[in-house]
Amino acid sequence: MINREWHLLSRPVGWPKPEDFALVETPVPTPGEGQVLVRNKYLSVDPYMRGRMSAAKSYAAPFELDKVMQGGAVGEVIESNAEGIAVGDHVLHFLGWREYAAVDAKNAVKVGPTAIPAVTVDPEAVPLSAYLGVLGMTGLTAYAGLLRTASFKEGDVVFVSGAAGAVGSQVGQIAKLKGASRVIGSAGSDEKVKLLVDEYGFDAAFNYKNGPVAEQLREAAPDGVDVYFDNVGGDHLEAAIGSLNQGGRIAVCGMISVYNNTEPAPGPRNLARLIQTRGRIEGFLVGDHYDLQPQFVQEVGPWVASGALKYRETVVEGIENNLEAFLGVLRGDNIGKMVVKL
Ligand SMILES: NC(=O)c1ccc[n+]([C@@H]2O[C@H](COP(=O)([O-])OP(=O)(O)OC[C@H]3O[C@@H](n4cnc5c(N)ncnc54)[C@H](OP(=O)(O)O)[C@@H]3O)[C@@H](O)[C@H]2O)c1
């Protein structure tokens, strides 16, 4: 049997180019003691992977050149040398960008219909891909960033950028479900803006490509913003500081607008406003908040299963399209979590 996997050939400068990568055929790995062989069914593509393609020191080690890349994946166990995981089980693990993976059982979490009820959601009510998104890493990012880092409280006015994406769409809806007085989102197309208001229940939304963000935000949030959840950076961050209320909190989750920059982007010009507002700005990494995972699943799982919290996925088919799917996330092709179905 042949396995196909994506290798990084050279470190992209600016926007990644197809020649920086190769889809390579290798033998299917043989699982060792304590490992399971997984046939991946869904692969995750995420903005943070752009950072791992660079050699710069960061919180996650750079991908190695001429080696397979990594990422979240869910698949079916087809061979098991590990206690507690059987053939036919579905597991979430971290060896994506490939069709088959030999995974250490300690790095595999059972999900879906055969899972021990770590997840209190009706397993039939959510597809396997949800464990990469709405009930997975991006969902926990939204939950932890909003509730812990931004110290969200009932009555807050919340602004979230990248609002039609995996993290952003969940931030806005969790805020609404938990009693935000107003939720405002920004996204990069009129179709996405309509979705935010019509389907996700945002109170207001705007297309950041239609005019200056600061002006559009002032119009959408006439009484200012208590919480800004930043997925984007750049002019969005400056606009949010400009609209920040007294005691406002800014959770810096991501800055996708600068990920492909070859020169450092200028910072917000109005940071001094944090003094006057006693505002707080704080970055966070989901990896530091996995203690919230049980609480997250307990609270958000039923909302997902009942439809109180809606989510979309953009599903690209085929390992050969894994790279295009990743580039699509950077371009904004996706609505909700982008996943690759094998
Ligand atoms: N801190 C953490 O632990 C953590 C964990 C997960 C994710 N993140 C960060 O959270 C953010 C969202 O991640 P995600 O997985 O949910 O991705 P996503 O929002 O589903 O997809 C990325 C979206 O970013 C938008 N975008 C691209 N370029 C942009 C630009 N120049 N200006 C404004 N928007 C732009 C695109 O939507 P439009 O059509 O709206 O432009 C695109 O759909 C990213 O910054 C990511 O790095 C952080």
Side-chain angles (χ1 to χ4, degrees), residues 14-16 43-54 58-60 71-72 96 129 132-134 136-146 148-150 159-174 185-196 200 202 205-210 212-213 216-217 228-240 250-261 265 281-290 292-293 296 311-316 325-340:
W15 275 84
L43 306 175
S44 188
V45 281
D46 298 276
Y48 78 87
M49 292 169 171
R50 177 64 187 86
R52 295 196 67 184
M53 291 169 187
S54 137
S58 185
Y59 57 91
S129 51
L132 298 174
V134 70
M137 183 275 282
T138 53
L140 180 62
T141 303
Y143 189 82
L146 179 69
R148 186 175 267 171
T149 309
F159 170 46
V160 56
S161 52
V167 173
S169 58
Q170 221 159 329
V171 168
Q173 291 184 81
I174 294 173
S186 70
S189 75
D190 294 345
E191 183 200 358
K192 290 182 181 184
V193 165
K194 190 168 167 5
L195 175 82
L196 295 179
Y200 297 156
F202 283 50
F206 61 86
N207 178 348
Y208 66 85
K209 294 175 181 165
N210 283 352
V213 178
Q216 297 199 73
L217 178 59
Y228 172 49
F229 191 107
D230 191 16
N231 286 314
V232 159
D235 51 358
H236 274 85
L237 179 56
E238 187 171 291
I250 297 177
V252 181
C253 174
M255 293 206 174
I256 198 166
S257 73
V258 306
Y259 291 175
N260 288 310
N261 281 9
I281 177 165
E282 183 177 335
F284 74 98
L285 277 176
V286 63
D288 296 334
H289 298 281
Y290 270 86
L292 285 179
Q293 172 83 6
F296 158 68
Y311 70 101
R312 296 263 192 115
E313 290 175 343
T314 301
V315 183
V316 168
F326 168 70
L327 296 174
V329 172
L330 301 182
R331 284 192 300 257
D333 294 354
N334 59 308
I335 293 184
K337 181 79 186 86
M338 178 78 99
V339 290
V340 180

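Whatever order the structure lists ligands and atoms in, that order sets their numbers, starting from 1.
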Practice item. Indicate, as side chain, backbone, both or neither, the part of Thr141 found under 4.0 angstrom from ligand 1 when only non-hydrogen atoms are considered. Key: side chain
**Study point:** Location of contacts on Leu330 toward ligand 1, heavy atoms closer than 4.0 Å
**Key:** backbone
Review point. So is there a nitrogen or oxygen of Val286 less than 3.5 Å from a nitrogen or oxygen in ligand 1?
Key: yes
Point to revise | Option with minimal heavy-atom separation from atom 17 (O) of ligand 1, where the choices are Ser186, Ser44, Gly165, Pro47 | key: Pro47
Check your understanding: Where is the nearest protein heavy atom to atom 39 (O) of ligand 1: which residue, which atom, and how far?
Key -> Lys192 NZ, 2.6 Å
Review point. Considering only protein heavy atoms, which is closest to atom 42 (C) of ligand 1, and at what distance to one decimal place?
Key: Val329 O, 3.3 Å
Review point. Does a donor on one side chain sit under 3.5 Å from an acceptor on the other, for Ser186 and His236?
Key: yes
Check your understanding: Between the candidates Gly254, Ser257, Ala163, Cys253, which shows the shortest non-hydrogen contact distance to atom 48 (C) of ligand 1?
Key -> Cys253
Practice item. Assess whether side chain to side chain contact (heavy atoms under 4.5 Å, CB included) is satisfied between Gln170 and Tyr200, documenting all intermediate values. Key: CA-CA 9 Å; Gln170 221 159 329; Tyr200 297 156; over 6 Å; no
**Study point:** atom 43 (O) of ligand 1: the protein heavy-atom neighbour that sits closest, reported with distance to 0.1 Å
**Key:** Asn334 OD1, 2.6 Å
Check your understanding: Considering only heavy atoms of Met255, which atoms of ligand 1 have at least one such atom less than 4.0 Å away?
Key -> 45 (O)
Point to revise | Parallel, tilted or perpendicular, as decided by the 30° and 60° cut-offs, for the rings of Phe284 and Phe229 | key: perpendicular
Point to revise | Contact with ligand 1 for Ser161, non-hydrogen, under 4.0 angstrom | key: no
Exercise for review: Report the part of Thr138 in contact with ligand 1, treating N, CA, C, O as backbone and CB onward as side chain, heavy atoms under 4.0 Å; options are side chain, backbone, both, neither.
Suggested key: side chain
Review point. Which heavy atom of the protein is the closest neighbour of atom 45 (O) of ligand 1, given with residue, atom name and distance?
Key: Asn231 O, 2.9 Å
Exercise for review: With heavy atoms under 4.0 Å as the rule, classify the contact between Val232 and ligand 1 as side chain, backbone, both or neither.
Suggested key: side chain
Review point. Quick one: does ligand 1 sit under 4.0 Å from the side chain of Lys337, the backbone, both or neither, non-hydrogen atoms only?
Key: neither
Practice item. Could you establish whether Arg331 and ligand 1 come within less than 4.0 Å of each other, counting only heavy atoms on the residue side? Key: no
Exercise for review: Look only at interatomic distance and state if Val167 has a nitrogen or oxygen under 3.5 Å from any nitrogen or oxygen of ligand 1.
Suggested key: yes
